[in-house]
Amino acid sequence: MALLAAAALTASCSGGNAAPGSSEQAAKATTTATPEAPTIKISPAEGSSKVSPEKKIVVIASGGTLDEVVVDGGGGKDVEGVYNADKTKWVSKGTLKPSSSYNVSAKAGVTSAASTFKTLKPERELLVADVTPNAKGETIGVGAPIIVTFNQPVSDKAGVERALEIKAQKPVKGAWRWINDTTVIYRTAKYWPAHQKVKFTARISGVQGGKGMYGVKDYATTLKIGAKMISKVNVKTHMMYVYKDGKKVQTMRISAGMGTTREYTTTSGVHLTMERGNPVRMISPGREKGDPGYYDVMINHAVRISNSGEYVHAKNNVWAQGRSNVSHGCVNARPDQARWFYDNFQRGDVVDITGTTRDLEWNNGWGFWQMPFSKWAKGSAL
């Protein structure tokens with residue numbers, strides 16, 4: 001009997017079902033709270049004006065992740081941006097357009113937010129005024145530079161140059177060089193590969209070019225590189241050979257500068273064809289009518305190769321062509337062959353002249369190939 005009583009006592013102490021309202025049931029109870037909605041902060045803030053075009057649009061979500069950010073800057077194209085890894089932050093890419101209104105909308109869970117702001121109006125507007133060579137429908141040569149001229153002098157050259165982009169179907173190394181405050185020139189390290197397209201883009205909208213000056217419009221164009229036309233002129237042998245894509249297509253007897261003075265000496269070096277005229281009026285520089293050496297003549301089928309008055313042109317001078325140099329510095333050829341050259345050249349074709357003591361200056365016309373590429377690249381603002 002004593003053993004049974006002890007067992008019963010032990011059983012009663014082992015605990016059975018707890019009574020309603022006991023402490024154990026209370027411990028198991030859970031409390032449900034409503035989560036707080038995410039918050040969204042947008043910069044620039046609603047109603048901001050005169051916002052710098054270089055300012056980034058920043059959207060930040062707290063207590064949640066961003067589901068959507070849309071920035072409408074007009075023109076039917078939304079502003080692009082990037083999220084951080086956990087999608088709590090979005091930052092716009094590139095620059096904003098001056099004198100423009102932007103509408104920002106963002107969503108994070110049940111929360112929505114919006115902001116409308118305006119960018120400043122520049123004191124001066126920066127635009128691409130010209131790109132050469134780039135005439136409508138033009139095909140250019142493998143030596144061609146890309147000469148970009150702005151409508152305003154640029155002081156923040158690095159910022160503007162950073163906005164310039166070259167994309168070629170057959171890429172080749174190249175570099176920009178500023179030759180003054182309004183002009184920057186792109187030159188390749190080696191000649192362009194022939195028969196391709198090259199796209200130039202200036203993404204300058206919103207880029208600061210100087211104090212109070214911003215780009216107001218992007219610029220884009222596609223240039224067409226044609227055949228590889230290389231002309232080799234030897235002043236000593238009085239001969240000119242024209243090669244197209246590596247194949248000789250013309251053999252021309254020529255007469256070059258007589259060389260009696262520096263002025264009348266044809267320049268040696270890599271020239272580029274720049275422009276043409278038929279006819280071109282040629283007047284002796286620094287001389288007046290009646291002076292010794294004065295001339296004023298009309299010359300047919302003339303293709304300019306420098307700014308110092310050198311052309312490849314026609315002249316009925318067959319007695320000298322192939323035999324002696326009697327010109328004032330130009331390269332003249334038989335009229336029918338000069339006309340062929342005139343009809344078949346592309347701006348930016350190479351005319352490589354050898355055999356004289358006068359070198360072409362790098363800034364004489366398009367003599368840019370006269371400068372070593374390593375030195376050329378030092379003219380870049382970057």
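Under the 4.5 Å side-chain criterion, counting only non-hydrogen atoms from C-beta, Met282 is not in contact with Met298. Counting heavy atoms from C-beta on, the side chains of Asn134 and Phe200 never come closer than 4.5 Å.
A salt bridge is defined here as a Lys NZ or Arg NE, NH1 or NH2 lying under 4.0 Å from an Asp or Glu carboxylate O, and Lys87 with Asp67 fails to meet this definition. Between Arg281 and Asp296 there is a salt bridge, since at least one side-chain N of the basic residue sits less than 4.0 Å from a carboxylate O of the acidic one. Taking 4.0 Å as the cut-off between side-chain N and carboxylate O, Arg334 and Asp336 count as a salt-bridged pair. A salt bridge links Arg347 to Glu138: at least one charged side-chain nitrogen sits closer than 4.0 Å to a carboxylate oxygen.
A cation-pi arrangement is not found for Arg287 relative to Tyr294, the charged atom failing to lie both closer than 6.0 Å to the ring centre and inside a 45° cone about the ring normal.
Between the side chains of Thr267 and Glu310, a donor-acceptor pair is found at a separation under 3.5 Å. Judged purely by distance below 3.5 Å, without hydrogens or angles, the side chains of Ser255 and Ser327 never pair a donor atom with an acceptor atom. Counting only N and O atoms by type, the side chains of Thr182 and Asn180 include a donor and acceptor under 3.5 Å apart.
Judged by distance alone, with hydrogens and angles left aside, the side-chain atoms of Gln337 form a donor-acceptor pair with the main-chain N or O of Thr251 at under 3.5 Å.
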Exercise. Check the pair Ile254 / Met239 against side chain to side chain contact (heavy atoms under 4.5 Å, CB included), numbers first and verdict last.
Key: CA-CA 5 Å; Ile254 59 94; Met239 295 298 296; 5.6 Å; no
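Residues His328 and Tyr295 place their aromatic rings such that the two centres sit under 6.0 Å apart.
Nearest heavy-atom pair across Trp90 and Gly81 is CZ2-CA, 3.3 Å.
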